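As structure tokens, the structure follows; a few thoughts come after it.
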Amino acid sequence: MYLEIITPDKKVYAGEVESAKFPGANGSFEVLDLHAPLISTLEKGSIRITTNMGQEFFTVDGGVVEVLNNKIIVLAESVIE
């Protein structure tokens with residue numbers, strides 16, 4: 001799957017991932033390969049991505065995630081580094 005994490009001022013991450021876990025407004029959820037289409041709001045929390053190189057974490061301050069055609073786009077209010 002292809003994942004992009006974007007804030008209003010920059011692209012924080014772009015690349016292939018095996019899975020991604022998000023802090024959804026109604027609880028955390030994980031997206032795997034060939035996931036069904038989905039749009040969800042995000043709460044403040046940690047996004048965990050798993051690639052063939054291991055795991056990475058990004059802390060977001062809310063936002064929206066869209067999953068469509070094996071592509072994930074995260075529009076985050078901000079990413080706390």
Side-chain angles (χ1 to χ4, degrees):
M1 296 178 296
Y2 186 76
L3 168 69
E4 285 185 346
I5 301 175
I6 303 168
T7 66
D9 56 338
K10 66 180 177 177
K11 187 179 290 189
V12 177
Y13 181 89
E16 292 293 321
V17 299
E18 294 174 359
S19 68
K21 187 173 182 179
F22 299 98
N26 295 320
S28 65
F29 62 95
E30 189 165 13
V31 175
L32 301 171
D33 199 32
L34 301 175
H35 197 282
L38 166 80
I39 295 177
S40 177
T41 55
L42 299 176
E43 295 291 317
K44 182 176 183 174
S46 182
I47 295 175
R48 181 192 76 207
I49 63 170
T50 304
T51 67
N52 59 1
M53 301 294 285
Q55 293 185 342
E56 284 187 64
F57 295 87
F58 299 91
T59 301
V60 295
D61 198 18
V64 178
V65 60
E66 177 190 49
V67 179
L68 185 63
N69 297 327
N70 231 25
K71 183 175 181 180
I72 307 167
I73 299 176
V74 177
L75 302 175
E77 292 175 20
S78 67
V79 174
I80 303 161
E81 299 185 44

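The shown structure was predicted, so the numbers you read here are calculated from the model rather than taken from an experiment.
- Environment of CG in N69: sparse, with no more than 12 heavy atoms of neighbouring residues, nucleotides or ligands closer than 6.0 Å.
- To the nearest 0.5 angstrom, H35 atom NE2 is 12.5 Å from L68 atom CG.
- E16 has its side chain out of reach of N52: every pair of non-hydrogen atoms, C-beta onward, lies at least 4.5 Å apart.
- If you take CG on L32 and CE on M1, they are separated by 6.5 Å, rounding to the nearest 0.5 Å.
- Taken to the nearest 0.5 Å, the CD atom of E18 stands 12.5 Å off from the CG atom of L3.
- Residues V60 and P23 approach most closely at CG2-CG, 4.3 Å, considering heavy atoms.
- Contact record, S40 with G24: OG-CA, 4.3 Å, taken as the closest heavy-atom pair.
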CA sep, side-chain torsions, deciding dist, call: R48, E30, salt bridge (charged side-chain N to carboxylate O under 4.0 Å, His left out):
CA-CA 9 Å; R48 181 192 76 207; E30 189 165 13; 3.1 Å; yes

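- Here NZ of K44 is found 10.5 Å from CD of E77. Values are rounded to the nearest 0.5 Å.
- Criterion: ILVMFWY side-chain heavy atoms under 4.5 Å apart, direct or through other members. Under it, L38 and I47 are part of a common hydrophobic cluster.
- When the side chains of ILVMFWY residues are joined at heavy-atom separations under 4.5 Å, either directly or via intervening members, V12 and V65 end up in a single hydrophobic cluster.
- No more than 12 heavy atoms of other residues, nucleotides or ligands sit less than 6.0 Å from atom CG of N26.
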Let me see the working for F29 and V31 under side-chain contact (heavy atoms from CB on, under 4.5 Å), right down to the final yes or no.
CA-CA 7 Å; F29 62 95; V31 175; 3.9 Å; yes

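- Distance OG1/T41 to CG/L75: 12.5 Å, rounded to 0.5 Å.
- F22 is listed as a side-chain neighbour of I72, based on a closest heavy-atom distance under 4.5 Å.
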Stepwise, does the side-chain contact (heavy atoms from CB on, under 4.5 Å) test hold for Y13 with V79?
CA-CA 11 Å; Y13 181 89; V79 174; over 6 Å; no

